[in-house]
There are 2 protein chains.
Amino acid sequence: MNRLQATYRIRASAADIERRAAALAVEQSVEMPAAAVRDARVLAEVVGRVEAIAQEDAEHFRVTLGLALETTGYEAGQLMNMLFGNCSLQPEVELLDVHMPDQALARFGGPRFGIAGLRMLVGATSRPLTCSALKPQGSPPEVLAALAGELAAGGIDIVKDDHGLADQAAAPFARRVEAVQRAIAAANRAGGHRCVYAPSLGGGPRRLREQMRIVREAGVGMVMLAPMASGLGALQELAEEGLPVLAHPALGGAARIAPQALIGKLFRLAGADAVIYPNHGGRFSYTPQTCRAIAEAASAPWGPLAPALPVPAGGMTPARVEEMVDFYGADVILLIGGALLEADDLRAAARAFVARVHAMGEGR
Amino acid sequence: MNRLQATYRIRASAADIERRAAALAVEQSVEMPAAAVRDARVLAEVVGRVEAIAQEDAEHFRVTLGLALETTGYEAGQLMNMLFGNCSLQPEVELLDVHMPDQALARFGGPRFGIAGLRMLVGATSRPLTCSALKPQGSPPEVLAALAGELAAGGIDIVKDDHGLADQAAAPFARRVEAVQRAIAAANRAGGHRCVYAPSLGGGPRRLREQMRIVREAGVGMVMLAPMASGLGALQELAEEGLPVLAHPALGGAARIAPQALIGKLFRLAGADAVIYPNHGGRFSYTPQTCRAIAEAASAPWGPLAPALPVPAGGMTPARVEEMVDFYGADVILLIGGALLEADDLRAAARAFVARVHAMGEGR
């Protein structure tokens with residue numbers, strides 16, 4: 001079976017949908033009139049096919065295309081291009097879901113650590129994991145490092161950069177990563193903790209390569225990337241570098257790709273071990289159903305791919321711990337940023353948050 | 001002046017817009033409650049500011065934020081993150097425009113060749129340039145090379161890969177680029193032409209680096225990238241490599257960023273010498289006004305940045321040449337793909353297209 005199935009929602013009339021679906025199949029494959037394709041193999045094996053059309057409501061149809069796997073080259077950026085490259089420019093088209101055979105899934109790679117690997121890394125056999133963020137950007141490295149030390153001493157499993165931290169003058173990547181990792185390592189030694197630092201990577205090939213060099217040299221245990229800002233191709237290559245990868249959804253919200261497909265499936269397929277997304281009830285507007293769908297897409301069985309940990313985030317507070325574990329179960333990373341930083345005693349606030357999460361144990 | 005101005009359209013009520021705008025200013029900067037920021041410098045210089053709010057209609061407001069330039073690190077991927085990273089996840093927010101001081105524009109870089117450089121490269125002093133695409137993907141390198149040779153012999157200025165060509169089994173990047181460049185070079189020598197090949201680059205850091213090596217070794221004269229698939233950071237670094245860069249809009253249409261801001265301004269800022277976008281009246285739905293706005297944003301004076309050439313594309317035909325040059329003027333690259341490939345005699349079809357464009361001379 002050498003095709004993937006991509007499911008779209010298309011706004012069209014009943015009279016027009018067949019033409020529209022056929023046009024999409026061409027657009028997302030050879031992008032030229034099929035009549036002008038002279039190569040019999042290309043016609044048979046490469047041109048996209050309409051596999052199903054179902055009416056959703058008066059104005060919308062659900063269309064499944066069979067797209068030739070060979071067009072992806074099994075490269076994650078090219079996969080995005082073939083799934084939604086040109087039709088991202090057609091406002092009546094939305095990408096809903098992607099399916100592919102197990103061998104294709106395996107070729108893309110998926111998470112190398114997955115839930116089991118992350119649990120082993122931080123020493124959390126069955127409870128939810130905890131995560132906090134270093135903020136605000138603009139702070140010098142020493143300040144960020146001090147925050148990191150307090151969070152690690154408070155028992156936080158993963159300390160990540162605020163996704164706005166990059167390579168700015170206030171805290172250049174090299175100095176920040178080295179200072180933060182040193183502070184976390186010291187807190188780990190002093191308190192018997194296993195906190196892992198996840199710095200925020202970004203930029204073009206040269207910058208990313210340099211950042212990975214710095215990350216290795218400093219002994220950092222994880223990396224974070226925004227795949228829609230840096231490309232899913234960069235995520236896929238990063239996942240081959242031997243460190244767990246945390247995916248951030250920045251720049252990905254407007255994509256007109258269903259969040260569970262983008263964040264839950266495609267980021268996971270390209271190698272994210274954990275996927276951050278806006279939780280319901282916070283500063284963003286995903287519904288509980290969407291959040292559950294993202295979490296399930298990230299962590300449910302999917303061929304040979306390891307499961308990834310969902311990381312609901314955005315405006316979360318320690319008071320919501322029980323609610324979130326009730327909702328998601330124990331296979332979740334609870335990410336709290338600003339709410340901890342508002343406390344007068346950061347270490348104590350972190351400890352209290354951590355204690356609440358550990359008390360949840362295996363969830364309900 | 002150390003801030004850029006980012007203008008958004010926000011859907012909100014009059015009663016709520018001030019709160020909403022203030023929240024956006026925080027979201028696109030420190031992403032934590034300003035009350036919890038202890039660093040006076042960060043509060044004064046890094047936290048975003050609301051600079052203007054204007055009502056557009058009953059439900060929409062135009063909001064201008066002043067965002068600290070330092071948060072961008074003058075890195076184009078990070079600029080996208082700060083402009084629209086988190087608020088891409090807030091459906092009521094759309095990015096409309098970006099302004100920044102001349103020194104900041106210069107630091108991002110902009111086009112290194114620009115219109116003058118591209119004209120010099122292909123030897124077209126004042127007329128519109130011509131471009132065609134190698135299709136369909138799935139064809140072996142020899143077939144694509146033969147097409148390229150015919151297009152070059154027909155006088156086409158730029159032959160680009162179909163954006164679906166990447167590193168697939170049917171025509172792996174190295175073999176394709178070498179074969180196509182050889183064919184174009186041979187046609188150039190035989191006919192005294194100056195056709196330039198623009199292969200499609202993509203993937204993570206390791207792939208991009210390898211592709212650039214192959215491109216240099218083969219003597220290729222231009223490269224193409226889809227910045228929303230590969231990251232604007234990759235575009236910015238590519239622009240430093242000494243070859244002109246052609247930007248493709250794949251994956252960029254859904255961004256909820258006004259096309260003239262994204263394709264016309266931001267791609268140019270990050271270093272694109274020419275920007276492809278869907279022309280009105282083709283397979284996509286941009287209006288003439290949007291197309292004109294994109295073309296103007298790409299090529300109008302903008303501080304110290306060189307102008308970029310607009311490349312309207314998608315379903316174009318030779319019959320539309322006069323209409324397009326009337327609409328855009330002579331500073332344009334006319335991109336025609338499938339319509340040429342439908343002809344029985346590709347070289348003759350290319351020649352006829354080229355002759356029509358040359359006859360337009362300096363346009364109206």
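Reminder, nothing fancy here: chain letters follow the sequence lines and each chain counts from 1.
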(request) In sequence, state the C-alpha distance, the side-chain angles, and the governing distance for B:Met32 and A:Glu342, and then conclude on side-chain contact (heavy atoms from CB on, under 4.5 Å). (result) CA-CA 9 Å; B:Met32 65 182 279; A:Glu342 284 175 302; 5.9 Å; no
Contacting region of [X] [heavy-atom separation from chain B under 4.5 Å]:
| X | result |
| --- | --- |
| A:Val46 | side chain |
| A:Glu94 | neither |
| A:Asp39 | side chain |

Taking atom [atom1] of [X] and atom [atom2] of [Y], what is their separation to the nearest 0.5 Å?
| X | Y | atom1 | atom2 | answer |
| --- | --- | --- | --- | --- |
| A:Ile257 | B:Leu251 | CD1 | CG | 6.0 Å |
| A:Ser29 | B:Gln137 | OG | CD | 7.0 Å |
| B:Ile263 | A:Leu89 | CD1 | CG | 6.5 Å |
| A:Gln90 | B:Tyr286 | CD | OH | 10.5 Å |

State whether the side chain of [X] and the backbone N or O of [Y] hold a donor-acceptor pair below 3.5 Å, judged by distance alone.
| X | Y | answer |
| --- | --- | --- |
| B:Gln168 | A:Glu70 | no |
| A:Ser230 | B:Gly231 | no |
| A:Gln78 | B:Gly164 | yes |
| B:Glu237 | A:Arg206 | yes |

Count the heavy-atom pairs under 4.5 Å between each of [options] and chain B, then report the option with the highest count.
| options | result |
| --- | --- |
| A:Pro259, A:Ala170, A:Ala133, A:Gly203 | A:Gly203 |
| A:Ala343, A:Gly85, A:Ala36, A:Pro278 | A:Gly85 |
| A:Ala23, A:Gly204, A:Gly233 | A:Gly204 |

Counting heavy-atom pairs closer than 4.5 Å to chain A, which one of [options] comes out on top?
| options | value |
| --- | --- |
| B:Pro227, B:Gly138, B:Ala226, B:Gly338 | B:Gly138 |
| B:Gln28, B:Met82, B:His163 | B:His163 |
| B:Arg207, B:Gln236, B:Arg256 | B:Arg207 |
| B:Pro136, B:Gly77, B:Pro172, B:Gly73 | B:Pro136 |
| B:Pro140, B:Pro33, B:Gly202, B:Ala169 | B:Pro33 |
| B:Val30, B:Val42, B:Asp167, B:Asn86 | B:Asn86 |

Region of [X] that comes under 4.5 Å of a non-hydrogen atom in chain A:
| X | value |
| --- | --- |
| B:Leu341 | both |
| B:Tyr277 | neither |
| B:Glu45 | neither |
| B:Pro249 | both |
| B:Ala339 | neither |

(request) Heavy atoms only: give me the nearest A:Ala234-B:Pro205 pair and the separation to one decimal. (result) CA-CD, 3.9 Å
(message) Testing the basics here: between B:Gly252 and A:Ser88, what is the closest heavy-atom pair and its distance to 0.1 Å?
(response) N-OG, 3.3 Å
(request) Please test A:Asp162 against B:Glu31 for side-chain contact (heavy atoms from CB on, under 4.5 Å), starting from the C-alpha separation and ending with a verdict. (result) CA-CA 8 Å; A:Asp162 173 60; B:Glu31 208 184 320; 3.3 Å; yes
(request) Mind running side-chain contact (heavy atoms from CB on, under 4.5 Å) on A:Arg209 and B:Arg209 for me, showing each step along the way? (result) CA-CA 10 Å; A:Arg209 192 162 85 253; B:Arg209 192 163 86 251; 3.3 Å; yes
